[in-house]
Number of protein chains: 2
Amino acid sequence: MFEDRIRLASLRDRVMTADDAAKLVGDGMVVGMSGFTRAGDAKDMPIALARRAKANPMKITLITGASLGHDSDKTLTEAGVLAKRLPFQVDTTLRSAINRGEVMFVDQHLSETVEFLRTGQFGKLDVAVIEAVAITEDGGLVPSSSVGNSASFAILAEKVIVEINLAQPLAFEGMHDIWIPGQRPHRAPLPIVDVRDRVGTNVVKIAPEKIAAIVITDTPDSASNALPPDADTQRIAGHLIEFFQHEVSRGRLPRTLPAIQSGIGTIANAVLSGFIESPFEDLTMYSEVLQDSTFDLMDSGKMVFASGSSITVSQAVQDRVFKHLERYRDKLVLRPQEVSNHPEVIRRLGLIALNTALEVDIYGNVNSTHVGGTHMMNGIGGSGDFARNARMAIFATKSIAKDGKISSIVPMVPHVDHNEHDVDIIVTEQGLADLRTLAPRERVNLVIDNCAHPSYREVLRDYYRDAQRYGGQTPHALERAFDLHVNLRDRGSMLTGK
Amino acid sequence: MFEDRIRLASLRDRVMTADDAAKLVGDGMVVGMSGFTRAGDAKDMPIALARRAKANPMKITLITGASLGHDSDKTLTEAGVLAKRLPFQVDTTLRSAINRGEVMFVDQHLSETVEFLRTGQFGKLDVAVIEAVAITEDGGLVPSSSVGNSASFAILAEKVIVEINLAQPLAFEGMHDIWIPGQRPHRAPLPIVDVRDRVGTNVVKIAPEKIAAIVITDTPDSASNALPPDADTQRIAGHLIEFFQHEVSRGRLPRTLPAIQSGIGTIANAVLSGFIESPFEDLTMYSEVLQDSTFDLMDSGKMVFASGSSITVSQAVQDRVFKHLERYRDKLVLRPQEVSNHPEVIRRLGLIALNTALEVDIYGNVNSTHVGGTHMMNGIGGSGDFARNARMAIFATKSIAKDGKISSIVPMVPHVDHNEHDVDIIVTEQGLADLRTLAPRERVNLVIDNCAHPSYREVLRDYYRDAQRYGGQTPHALERAFDLHVNLRDRGSMLTGK
């Protein structure tokens, strides 16, 4: 039974129900679960934990790679299981609980979470729950559609619960590259010098006796909920491709572009899809999440290789890709998220980093996380790992939202995830602003004229005129810096009350 | 003549006056000058450029390592030479011109400037002006008390003007380690795995024919103007040392601490001096600037090795150290600033990064640069290179300034250089707040109770109570978030008007 999935025979007697395995988790524990942007998450264990909590109320610290699928965060939130959650989430129910102050959410750079675990910052990791497609003859775990933090969770945890997912193809075996940094201060360089490099092992190596339970499941990954490209995202893609061509023509970018990182979500995915119609060839990615656009680019022959930490795709692309994984075997690799997001590699390769902004201010500071400066949307994710260390940090957004009630270009962002030191390019459907080498005062007109929606340009210019009365490197009229946000909060539109 | 200083005989006929050499610089040029935190800056050329500009008005882009000494930035500002200045400065006159919007100041992470030059972002580098203690037999430049960006400036510039400084001891020869990264995307790992590692060359290698002029000078570096430790900085040091002991006792830091980075200025220098009285031994530094405290720690036997990009010390320590450099030959190395500040090495070594904050908000966001959110103080310097990538990012400040008219703990910082994702520890003379693993709401009381001055605690608590009405991951009452700053701007004190 499951001979091909549990190849170390001595482990087969640890197969049990998710409800039995859930008994290994108790109140106050720190639990690490696999899952990165809905891919490769444990499917049955979160639900079993929620069931167990109904009879035995418990609060845990839940650490994942990134977001989970299958409404797991919703179910856990409703069961009151989550005391603390990190480092990323996208769930509506959990988000509300976070914003009511009921769940403590630690919004972390995705490359850093396991460093905190390694130095004991969260105490010991009690249990790891890891989805795998198989356990090898010597007890190694073969991850599925994501690696995320799974490898380090399994290595660091006292006990490991493995979810063997029969719905995940065994063909994933061999597509991972597990590299774990050594203990500091005697850590060696991370030897990746090309996106294609394999520097680790195919499996997660742990002592088999740590595997305390094996749960068998048969549930596929949740499909991506990214929206298809629309006219605005196509315009954004158009501006970017034109810009890249310009940079190549001036000798500032190589003809084969540097490897691309692309953030999670509709806009980044749609923008990347725009490359299918571009003149660029032999594209590569060094990214966290590989979305539909990655496979569309591969299938169109535009992209030759992609390195990521997860595969998060729509149902249609899941059907197309997962059934023929072997076609992509030489074209992709999945790595731990601290490797996909490692500052060392990001700087060395000189990535183009493309991430989504919630809003941007006239000086180029970016808010990626906090609606109205207060309410958490999803989290910073890996955008900070990439933007700080990349060759070129691009932030894309539509210039307005909610039928124009919200402008994505504002006088001052009320929460800063990426500051003017890290933001190179702003692009909206209106156009693109190249902020590199510009002082703050030189940026303002460029951002307003090129990126803001016409219906907000005069409001922004008026703010800047007023702000200049106070002088400075970065003029601001502090008493009115957030007027647009207060309008939105109190009256439902940034423009109301003008 | 100068046989020991200009060893390649064919170059000796390029010796000329600074005024003659200044003729190589013309209007509109991009000029790179040596100098990092007042150390190893060109002494005569800036003054000669200012003189030349009186007869031949010109505007240049001036790029340095970091700040210059000898009022050079003042003289150049007064002569109207500076159109654009980067990446850091500390001069009162220049600062005023920046804040009036007359000089465009690009405030950059110190590790990134030469990457921008390499990709042609500023166009070509027309002229490099480099202080050296000698030119070797094959035309190599031996830097003096700083490396900064000098090596890459000399390599990238069309023409190089060398200032041979007779006041800088020849004993500097051999104390530098010049490593230059290869062109991306085929860049190799930076092989430093220990602060002591030497991975490059002793000299800056350039084609001798690029050396267009040699100017002889005899002016020592400007002395550091850091103030000596006082009761408050001693208290800050005390809190930090106690904290480190606590971390060691819990097994979260090694007994020999990780290598330390310490920012420029009075507070960081004074705090580091506090280690002389600590139980810690065998300390090492991997930092940008080596200040008095570094040599005091070495002389007291507490520190065994320091890696930096410059030596910026008081007159007393200059006298003590520069006359006996050979004593320190095995204990220190000076590197290019992109190596001293390289994300790759900072993350690999797992540094403790200690930098100064101008102000901090109740959620742990840090403003390092903009007084009142608008007026540039000095610049972000290397603090962003370190804080993002270090094992532990500490920000120190006194809790109040100007006799209590200013609180360094505020409801919301009006400029964010380091956000809550990067700020691990806040320390003032009042106490220390360890923000790691805490959600924003968990941080507030810790920051207020441990770090804020008692005279501001109730104001801050009142703000937070009010802000919670709006809910959110990070509650804020946007309409009053900057009340303290507006009070200060309009009435001279944050507390006025309460």
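Nothing here was measured: the structure is a model prediction, and the numbers come from that model. Below, chain A is the first sequence line, B the second, and so on; all start at residue 1.
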Do B:Arg391 and A:Glu115 have side chains that get closer than 4.5 Å, going by heavy atoms?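 Not touching, per the 4.5 Å side-chain cut-off.
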Mind ranking [options] by heavy-atom pairs under 4.5 Å with chain A and telling me who comes out on top?
options	value
B:Val345, B:Val193, B:Thr369	B:Val193
B:Met104, B:His476, B:His418	B:Met104
B:Pro191, B:Gly384, B:Ala467	B:Gly384
B:Gly101, B:Pro440, B:Ala477, B:Pro181	B:Gly101
B:His342, B:His485, B:Gln108, B:Glu442	B:Glu442
B:Asn365, B:Asp422, B:Val371, B:Asp483	B:Asp422

Residue [X] versus chain B: region with a heavy atom under 4.5 Å:
X	value
A:His186	neither
A:Arg388	both
A:Glu112	both
A:Asn389	side chain
A:Leu86	neither
A:Asp361	neither
A:Arg489	side chain
A:Thr256	neither
A:Phe105	both
A:Pro189	both
A:Glu479	both

Top of [options] for chain B proximity - count of heavy-atom pairs under 4.5 angstrom:
options	answer
A:Thr437, A:Asp194, A:Leu438	A:Thr437
A:Gly251, A:Pro185, A:Pro254, A:Ala439	A:Ala439
A:Lys84, A:Met412, A:His375	A:His375
A:Val103, A:Ile380, A:Ile346	A:Ile380
A:Arg95, A:Arg250, A:Arg100, A:Arg347	A:Arg347
A:Glu247, A:His415, A:Gln468, A:Arg118	A:His415

Once you round to the nearest 0.5 Å, how far does [atom1] of [X] lie from [atom2] of [Y]?
X	Y	atom1	atom2	value
B:Arg480	A:Phe482	CZ	CZ	14.0 Å
A:Ile98	B:Gln473	CD1	CD	6.0 Å
B:Leu351	A:Arg184	CG	CZ	8.5 Å

Part of [X] lying under 4.5 Å from any heavy atom of chain A:
X	result
B:Gln121	both
B:Tyr470	both
B:Ser111	both
B:Arg85	neither

Can you see which heavy atom on [X] is nearest to which on [Y], and at what distance?
X	Y	result
A:His421	B:Asp417	NE2-OD1, 2.9 Å
A:Pro414	B:Leu478	CB-CD2, 4.0 Å
A:His370	B:Thr474	NE2-OG1, 2.7 Å
A:Val416	B:Asn419	O-ND2, 3.1 Å
B:Leu190	A:Arg348	N-NH2, 4.4 Å
A:Glu420	B:Asp107	OE2-OD2, 4.1 Å

Is the number of heavy atoms from other residues, nucleotides or ligands under 6.0 Å of B:Arg255 CZ greater than 12?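 Counting other residues, nucleotides and ligands, CZ of B:Arg255 stays at 12 neighbours or fewer.
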Can you list everything that forms a side chain to side chain donor-acceptor pair (under 3.5 Å) with A:Gln89? Sequence neighbours excluded, please.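 For A:Gln89, no residue satisfies side chain to side chain donor-acceptor pair (under 3.5 Å) once neighbours in sequence are set aside.
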